[in-house]
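I'd like to ask some things about the structure below.
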Number of protein chains: 2
Amino acid sequence: MARSSVTALHTGTPADTDTCPAARPGVRAPGRGPCGHCDLGPLAFCDGFAPRTVSNLWRVQCTVPFEAHDTLFREGDPGVAVYSIVSGAVKVYKLMPDGRRQITAFFFRGDMFGFCLGGSYAYTAEAITPVGVCRLPMQRLNDLANTAPEVQDRIVRRMTAKLAQFHDHVLLLGRKTARERVATFLLGLSDRARRRGEPGSPLTLPMGRADIADHIGLTVETVSRAMTRFKREGLLDLPSASQVSIRQPDALRAIAEGATGG
Amino acid sequence: MARSSVTALHTGTPADTDTCPAARPGVRAPGRGPCGHCDLGPLAFCDGFAPRTVSNLWRVQCTVPFEAHDTLFREGDPGVAVYSIVSGAVKVYKLMPDGRRQITAFFFRGDMFGFCLGGSYAYTAEAITPVGVCRLPMQRLNDLANTAPEVQDRIVRRMTAKLAQFHDHVLLLGRKTARERVATFLLGLSDRARRRGEPGSPLTLPMGRADIADHIGLTVETVSRAMTRFKREGLLDLPSASQVSIRQPDALRAIAEGATGG
DNA sequence: CGCTACCTTGAGCGCCCTCAACTAAAGTGG
DNA sequence: CCACTTTAGTTGAGGGCGCTCAAGGTAGCG
């Protein structure tokens with residue numbers, strides 16, 4: 001699992017913050033998160049925490065870079081840390097013995113994953129692009145949470161949001177058609193991009209068609225056909241395979257919600 | 001939404017604990033939960049809490065009965081309370097405009113649902129059987145959690161477990177065949193029954209075929225066919241439509257995990 | 001005993017998967 | 001810089017699993 005110094009390429013984080021003991025809390029660069037580890041700003045887990053809490057947090061976390069295709073942890077590994085993404089994209093998936101794969105979630109800048117109190121990870125996490133993550137040791141985060149309600153509360157909020165996402169995704173997988181799934185997926189990416197302050201429409205897909213397929217329960221071919229058809233119909237623009245421009249958001253939304261779109 | 005006195009039928013809770021102010025903390029019947037509201041014992045949310053926390057909890061919660069088909073809350077309702085099931089079964093689901101339904105989860109004795117911090121419920125909750133629930137007002141639970149880390153911690157644990165379940169269910173919906181889905185579903189019910197201290201095999205299905213179908217992304221007919229075939233093959237016994245006896249758990253498990261069970 | 005709701009069983013069809021070929025883009029070595 | 005290789009995406013033809021539609025069976029209930 002290579003961890004070369006690709007950091008500067010995707011985070012702008014200086015090399016001296018790559019590992020735990022190296023971070024310097026005193027040096028808070030402009031635009032940085034409260035703890036000085038990252039540049040997540042309001043997206044940061046620790047945003048708005050009391051100074052004392054932040055400094056306690058600072059001592060337990062560290063920023064780590066991964067390259068594309070690196071595995072952060074595997075299903076069944078002891079769950080020792082929670083991750084917060086500073087830059088890049090991560091997919092988490094489960095495998096069946098015969099190789100069938102289900103990507104249960106994608107995570108982007110500002111997202112957290114890896115919660116599994118006192119147990120093992122329920123899924124494997126793999127970097128899609130070069131990734132910078134803030135790593136929070138579970139046990140020590142837990143200890144801190146017991147003295148700082150704001151930390152525990154933040155965790156609960158993150159998990160609540162994730163649970164709501166899962167309800168939506170279960171609806172998608174259980175009851176939507178291929179076309180509806182692709183439309184829903186693209187709109188979901190768009191929403192999440194906007195929610196982290198990025199434009200919602202010229203959209204860059206960090207994941208390939210195979211990853212999309214394994215996330216929304218289809219095959220590569222079906223995903224490809226659906227997107228091509230959306231393009232033919234003028235709902236999307238696809239300047240390249242990984243570039244998506246949403247031309248008719250409302251029409252796409254109607255399809256995603258089940259309109260019998262031709 | 002009828003709330004007649006069906007309580008005695010399914011909980012054994014005396015009538016005077018049906019609503020919040022009526023419960024008497026001093027009178028803890030043998031076999032009761034720590035707060036005296038229910039008989040969940042170790043399954044109770046408040047099991048193991050400090051006496052002071054329990055008495056604070058006691059003041060915010062109340063036990064409420066529902067009849068089968070009653071709606072506890074609807075998708076979009078303001079999320080004012082969390083529910084803990086004392087007896088009976090509940091289904092939660094999302095609807096699409098055209099009527100397609102996805103049951104995202106079933107809940108049984110000891111389970112909690114309805115978490116949605118400061119927002120609206122993401123799904124509708126409906127009683128399958130007569131149900132007794134312990135109702136915990138969200139805001140006051142939250143206030144309590146800020147002073148008692150054990151409460152917050154318990155919430156996080158419940159949510160973590162639920163998240164893991166969702167990962168499994170997403171795998172089921174995204175990548176498993178009809179046969180595998182039904183096998184997985186039945187084994188899941190069996191596991192959960194055992195985990196709350198009930199026998200894992202002569203299993204009583206509180207939900208109908210239609211509910212099962214809407215949970216695992218199939219149609220009634222396909223569920224029925226799969227179960228009939230399991231019976232023909234000697235993996236199950238179906239003395240009645242709602243009674244399931246698992247004859248060959250290992251074979252069933254193999255199928256659930258993707259063995260090419262002819 | 002008849003009504004109703006639920007479950008089962010059967011026949012045929014359709015959406016999506018499978019298999020396969022082709023195209024495009026990105027990396028590689030001479 | 002360009003031929004070669006590799007990987008990813010697209011497009012087409014055909015088949016199968018699960019859905020649809022329909023009928024028959026069965027259990028609970030007035």
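Order of the sequence lines fixes the chain letters, A, B, ..., with proteins taken first and strands second; residue numbering starts at 1 for each chain. Every heavy atom of this structure was used, including side-chain atoms; hydrogens, water molecules and symmetry mates were not.
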For A/Met207 and D/dA8, give me the distance from atom CE to atom C1', rounded to whole Å.
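For the pair A/Met207 CE and D/dA8 C1', the rounded distance is 15 Å.
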Whole angstrom is fine here: how far is it from CZ in A/Arg209 over to C1' in D/dT10?
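Answer to the nearest Å: 9 Å.
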Whole angstroms only, please: what is the CG-P distance between B/Leu236 and C/dT8?
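Rounding to the nearest Å, CG of B/Leu236 and P of C/dT8 are 12 Å apart.
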Inspect the contact between A/Asp168 and B/Lys94 and indicate whether a charged nitrogen and a carboxylate oxygen are less than 4.0 angstrom apart.
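Counted as a salt bridge, because a side-chain N and a carboxylate O are separated by less than 4.0 Å.
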Go through the steps to decide whether A/His215 and A/Met207 satisfy the test side chain to side chain contact (heavy atoms under 4.5 Å, CB included), and finish with yes or no.
CA-CA 10 Å; A/His215 182 51; A/Met207 72 293 286; over 6 Å; no
Run the ring-centre check on B/Phe166 versus A/His169 and record whether the distance is less than 6.0 Å.
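When the ring centroids of B/Phe166 and A/His169 are compared, they turn out to be at least 6.0 Å apart.
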With ring centroids as reference points, do A/Phe113 and A/Tyr123 lie under 6.0 angstrom apart?
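No, they do not, as the ring centres are separated by 6.0 Å or more.
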Should B/Tyr83 and B/Phe107 be marked as a ring-ring contact (aromatic ring centres under 6.0 Å, His included) after you check the CA-CA gap, both sets of side-chain angles, and the distance that decides it?
CA-CA 10 Å; B/Tyr83 294 85; B/Phe107 293 104; over 10 Å; no
If I take atom NZ in residue A/Lys231 and atom P in nucleotide D/dT10, what distance separates them, rounded to the nearest angstrom?
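After rounding, the reported distance stands at 9 Å.
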Let me know the distance between CG of A/Leu205 and C1' of D/dA8, rounded to the nearest Å.
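Distance check: A/Leu205 CG to D/dA8 C1' gives 13 Å.
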How does protein reach along nucleotides 9-22 of chain C, written 5' to 3' as B (base within reach of a heavy atom under 4.0 Å), S (only sugar-phosphate), or - (no contact)?
BBB----SSBBB--
Distance, rounded to the nearest Å, where B/Leu173 contributes CG and D/dG18 contributes P
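Roughly 13 Å, once rounded to whole Å.
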Sub-4.5 Å side-chain heavy-atom contact between B/Met112 and B/Val82:
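B/Met112 vs B/Val82: side chains touch.
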Nearest whole Å is fine: how far is C/dC6 C1' from B/Gln243 CD?
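About 16 Å, once rounded to whole Å.
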Round to a whole Å and report the spacing from CG of A/Leu238 to C1' of D/dT10.
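It is 12 Å, rounded to the nearest whole Å.
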